[in-house]
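Keep in mind the model is a prediction, meaning the values are calculated, not measured. Residue numbers begin at 1 in each chain, while the letters A, B, ... track the order of the sequences.
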Protein chains: 2
Amino acid sequence: MSSSRATLIQVAERAGVSLASTSRALHGTGASSAMVERVRAAAAELGYSPDAIGRSLRMKRTFQVAFAVADIGNPVYVEMLTAIHEVLAPHGYRVVVMSTGHTVASTVDLVRSLGSGFVDGLIVSPLRTDDVLVEAIKEAPVPVVVIGRSLERQGIDSVSTDSTAGIGQAVAHLVEIGRRRIGFVNGPLDTTPGAARQRGFDAATSAPLFAGDHAETERADDFTVAAGLDAARRLLSRDPAAGPFDAVVAANDLLAIGVIRAAGELGLSVPRDVAVTGMDDTEIGRVFQPSLTSVSLGSSERGRAAAQLVLDRVGDVVGPAQQIAIGPHLAVRESTTPLVEPAETLPASKEKSAR
Amino acid sequence: MSSSRATLIQVAERAGVSLASTSRALHGTGASSAMVERVRAAAAELGYSPDAIGRSLRMKRTFQVAFAVADIGNPVYVEMLTAIHEVLAPHGYRVVVMSTGHTVASTVDLVRSLGSGFVDGLIVSPLRTDDVLVEAIKEAPVPVVVIGRSLERQGIDSVSTDSTAGIGQAVAHLVEIGRRRIGFVNGPLDTTPGAARQRGFDAATSAPLFAGDHAETERADDFTVAAGLDAARRLLSRDPAAGPFDAVVAANDLLAIGVIRAAGELGLSVPRDVAVTGMDDTEIGRVFQPSLTSVSLGSSERGRAAAQLVLDRVGDVVGPAQQIAIGPHLAVRESTTPLVEPAETLPASKEKSAR
DNA sequence: AGATCAACTGGAAACGTTTCCAGTTTCCGA
DNA sequence: TCGGAAACTGGAAACGTTTCCAGTTGATCT
């Protein structure tokens, strides 16, 4: 750690010119080339680098954007974070990672804390939403973009996907490959994704296409492998009158892996006896054995879109609340199809289905 | 977005007291209770919340710490990030995520950028290190903690682990279960971890314990599943004179998963025909089938330790460079032992061996 | 009663930067 | 040669906060 940094004032003194000119010279705005030369030299000699705080105070810009989620460790959020960082960094914006906590109240606290002005914008993906939160977001002193539910009509910029339809795609695929007795392992219903996915499953299994077939739901305590394992044990041991389940739709990839493990415990082979689908299309699902058929909700794309949106807003782009929808699409892999050539399903091959 | 935020000056006016008293009242330092009451009320009426930038400028503290790695998506770094955030947030510190890029030069740029003073400290885990970087870190205007190599002797605070010894533990375990022809799938040798792990494998396989047995290395282009798959294909098809490999040590969990997939392609069963060990003890390895025996390098602990260290330093704790070492330990799971009760190996059961 | 002290308050400076404004020079065309 | 515009420069204010310093009050002790 060297002693202390040089300030613009010192550069000005060294160059023997005014503070104003020094600032201008370093920004290349309206300064003679002689001046620029002189100031540059002085700055270089002193190893000057501008102070972000002083600059922020004056410009009323922090060049920081916050990204807040309940659980930074979740692979989906990691993907978003990566995408957000990739979009923002080239524009000189830093990314601050924050936690929403698991309750609506703590998320509201977070949004209110934006009042202290440490970021120019916020990208948040709340697990749960209510009116208070919506109101807090609308009152926030900086632009906020929500990833998750569509909140366009509440006047909030949002990036959403249609996980309801996504579950529909998974069910349709299972029906297509001849499965007729489908179980659903969902996470908590009081979360935004949990509720949406339940609607998707209920809708898909009450559609004409599915008529005469059998469907049941089991709920996991959580969106984790362990919870999925527990729930799947309960589900698969139910053994309904219609006959054993020949497919299970899981509400995300981690739950799906729990399901596959439970199937293994019961001596069931995946996909022969039970086909399994996940959701989110995560790395972990792609490399799993069997590799996981999964509904991609475009986490990276959603992250990118949200970052772009917040970038527009902090760049003073005004206008009505935007709503960007990323369509879900199914990536079919081993867990619903007989294994042919495992190597083809690896991430390196970057399979992408059409959106 | 509401109009514009209230400032301390406005609170002071509203309360009809001086700016100084207002500040003191809100901080509870040396103000009469009447004063506190009055100012609190005014602040509440105006919905005042203190401006982080103004405060930073004056206090010369940003209450931010940066965490920089090459690849934010890597599970190991995600674990560290989570741990760092958990330690720092309760102390009122925010975490800024940054990318070191993949070269030493870009990492040096990053460290130099600390000169603009947007954070109070940095935690960095560089893939590659050289003298220029060491020098840049030493000259940095804020405390820097390096996760990775031990740099105590260079006068740099660091949190390290002994992945060399860790690989030794893996080899010892394999020998113990009777494996004699051990392959090693390593990542690039010009990275800090790659080099250390190679040393570990070479040392372990030239130790007396290993005398008479067979060892060979294959190098992957990268620390990813795809690269591991490729490398393992090459390794396992070598078929040395000493007989086929009955164990493979992989330099991290992702490579290990590639190895298991390659073994599957060749009709080899894991762990019966080939035992496989990974390193880093990631979630993905824990839930994989077969669950992965892996050398834990305590990513969370390293993150926590680094965060604590940087917290001490920004809290003006002076003293000689610290070096905190986190010992590696082996978590034995299915990939090196016959499967008994898969459920026991899930993360929910939180198995932890002694350090 | 006078002096000493503690408790509290307000004025003002300081942190480092950008930018408005006014002033000076230079140059060009009439 | 002169007027005016253009190009450039410097002074000073402003962003919002904390804290030093000096001053005022009220109480306690001798």
### Task
Indicate yes or no for a side-chain donor-acceptor contact from A/Gln64 to the backbone of A/Phe118 under 3.5 Å, with no hydrogens or angles considered.
yes
### Query
In residues 30-38 of chain A, which residues come under 4.0 Å of DNA chain D by heavy atom?
A/Gly30, A/Ala31, A/Ser32, A/Met35
### Query
Hey, which of B/Val310, B/Val144, B/Leu309 is the one that makes side chain to side chain contact (heavy atoms under 4.5 Å, CB included) with B/Ile123?
B/Val310
Less than 3.5 Å apart, which donor and acceptor atoms pair up between the side chains of residues 31-41 of chain A and the rest of the protein, not counting sequence neighbours?
residue, atom, partner, partner atom, Å
A/Ser32, OG, A/Met35, N, 3.2
A/Arg38, NE, A/Ala15, O, 3.0
A/Arg38, NH2, A/Ala15, O, 2.9

### Message
Please check this pair: side chain of B/Ser160 against backbone of B/Arg149, looking for a donor-acceptor N/O pair closer than 3.5 Å.
### Response
no
### Task
Sugar-phosphate means primed atoms, P, OP1 and OP2; the rest is base. With that split, encode nucleotides 14-22 of chain C 5' to 3' as B, S or - using protein heavy atoms under 4.0 Å.
BBBBBBB--
### Task
Can you label the angle between the B/Tyr77 ring and the B/Phe67 ring as parallel, tilted or perpendicular, going by 30° and 60°?
perpendicular
#### Entry: Axis deviation across the helix from C/dA1-D/dT30 to C/dA30-D/dT1, five-pair ends, to the nearest 10°
50°
## Note on the structure
residues 66-83 of chain A vs salt bridge (charged side-chain N to carboxylate O under 4.0 Å, His left out), sequence neighbours excluded, gives none
### Summary
Value for NE2 (A/His91) from CG (A/Leu311), rounded to nearest 0.5 Å, stands at 4.5 Å
### Message
Checking the side chain of B/Ser56 only, and the main-chain atoms of B/Arg61 only, is there a donor and an acceptor separated by less than 3.5 Å?
### Response
yes
### Query
Which residue pairs satisfy the salt bridge (charged side-chain N to carboxylate O under 4.0 Å, His left out) criterion with at least one member in residues 119-129 of chain A, sequence neighbours excluded?
A/Arg128-A/Asp190
### Query
Of the non-hydrogen atoms in A/Pro141 and A/Leu114, which two are nearest, and what is the gap between them?
CG-O, 3.8 Å
